[in-house]
Amino acid sequence: MNSPLSNTPKLWLGNGSRFDEMQMLKSKRPIVVVDSGVGGLTVVRELEKLIPNANILYLADNAWFPYGSKTGADVVQRVEKLLDGLCTKVEPEAIVVACNTASVAIVDHGAENLRHKCFLVTPQINEAVDASKTKCIAFLATAGTLKSNHVIQSIARSRVNAAVWPIATQTLVTLAEEMLAGGEVSFEDFEELICLYLTEEQRLSIDTVVLGCTHFPLLIDGLRRVFPAADNWIHSARKVALQVVASTDITSDSIDEVSKVATYTRESDAVKYHQVFSMNGFC
Ligand code: DGL
């Protein structure tokens with residue numbers, strides 16, 4: 001029997017039609033940005049600061065959201081299938097896996113073994129240790145990210161120089177999705193979770209927070225109340241945007257007509273999901 005992972009997922013546009021109709025994108029060589037949901041928008045924002053007129057094709061794998069509760073091997077297989085399907089329709093200028101959970105799973109798997117060359121976002125633990133004065137660091141990420149061998153080894157190495165507290169949270173991923181959709185969000189559940197991981201004294205000693213999920217930079221305002229002494233909020237969006245710019249031919253004046261298209265893997269809520277993307281300039 002075929003597993004769901006053996007099929008190439010279909011892609012839908014925000015108006016509910018199939019992505020196949022968007023043949024015009026073939027010639028536009030977009031930067032493809034992939035995430036399970038809205039988190040990749042934090043990477044899009046950094047890309048747009050550097051290349052304001054970049055063509056961007058966003059792929060939100062909402063049918064498989066959240067990635068954080070899946071196994072790394074399944075996430076790698078899923079992302080590879082998505083990209084197989086997409087690359088029959090478009091020729092990307094660059095592909096960014098704008099999801100820490102998928103990126104670290106790809107690193108574990110061996111990025112060179114992936115059928116597509118991708119830019120990856122991985123948690124910046126070394127940067128956090130360098131930035132921290134108190135050497136007390138909270139590392140927020142999905143459970144999937146914290147199970148990655150690459151991440152486990154990075155944490156072990158950083159512990160020579162700092163106290164690093166990994167905190168697995170899927171709650172924050174959901175909060176970020178709700179917040180961008182215009183909902184009221186409460187950090188109460190997250191605060192309760194933090195009490196299980198940290199004493200009050202530890203929480204107040206943290207001056208650096210690693211945002212190890214692309215959804216989390218959307219929540220910095222709320223997180224400031226949870227970690228009141230933190231002044232370093234470390235994430236990878238800027239770094240990966242700079243890597244894309246450095247290794248492609250795109251310059252801020254090399255594209256005439258800008259095209260920002262968002263696609264989704266679940267047809268039934270593509271139109272609803274698209275409200276968030278249209279507020280961010282996507283059609
Ligand atoms: N933005 C993804 C990440 O960076 C979301 C995780 C999820 O879907 O659980 O990890």
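First listed ligand is number 1; within each ligand, the first listed atom is number 1.
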What residue and atom, counting heavy atoms only, is the protein's closest point to [atom], and at what distance?
| atom | result |
| --- | --- |
| atom 8 (O) of ligand 1 | S36 OG, 2.6 Å |
| atom 7 (C) of ligand 1 | Y67 N, 3.3 Å |
| atom 4 (O) of ligand 1 | N100 N, 2.8 Å |

Where on T101 is there a heavy atom closer than 4.0 Å to ligand 1, on the side chain, on the backbone, on both, or on neither? both
Any N or O of [X] closer than 3.5 Å to N or O of ligand 1:
| X | value |
| --- | --- |
| G68 | yes |
| Q170 | yes |
| D35 | yes |

What atoms in ligand 1 come closer than 4.0 Å to a heavy atom of H215? 1 (N), 2 (C), 5 (C)
Enumerate the atoms of ligand 1 whose separation from the nearest heavy atom of T142 is less than 4.0 angstrom.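 Numbered from 1, ligand 1 contributes 6 (C), 9 (O), 10 (O).
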Working to the nearest 0.5 angstrom, can you tell me the gap between L242 CG and K239 NZ?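 It is 10.0 Å, given to the nearest 0.5 Å.
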Mind checking the CD1-NZ spacing from I31 to K260? Nearest 0.5 Å is all I need.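 I31 CD1 to K260 NZ: 11.5 Å, rounded to 0.5 Å.
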How would you list, by chain and number, every residue that makes a side chain to side chain donor-acceptor pair (under 3.5 Å) with D207, sequence neighbours excluded?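 D207: side chain to side chain donor-acceptor pair (under 3.5 Å) contacts with S132, T134.
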Evaluate the ring planes of H215 and F65, with Trp represented by its six-membered ring, and classify them as parallel (under 30°), tilted (30 to 60°) or perpendicular (over 60°).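 Plane angle between 30° and 60°, so tilted.
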With a 6.0 Å cut-off on ring centres, are F19 and Y264 close enough? no
Chi angles and distances behind the side chain to side chain donor-acceptor pair (under 3.5 Å) call for R45, N280: CA-CA 9 Å; R45 288 172 187 176; N280 285 272; 3.0 Å; yes
Are any non-hydrogen side-chain atoms of V209 and N232 less than 4.5 angstrom apart?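 No; the side chains remain at least 4.5 Å from each other.
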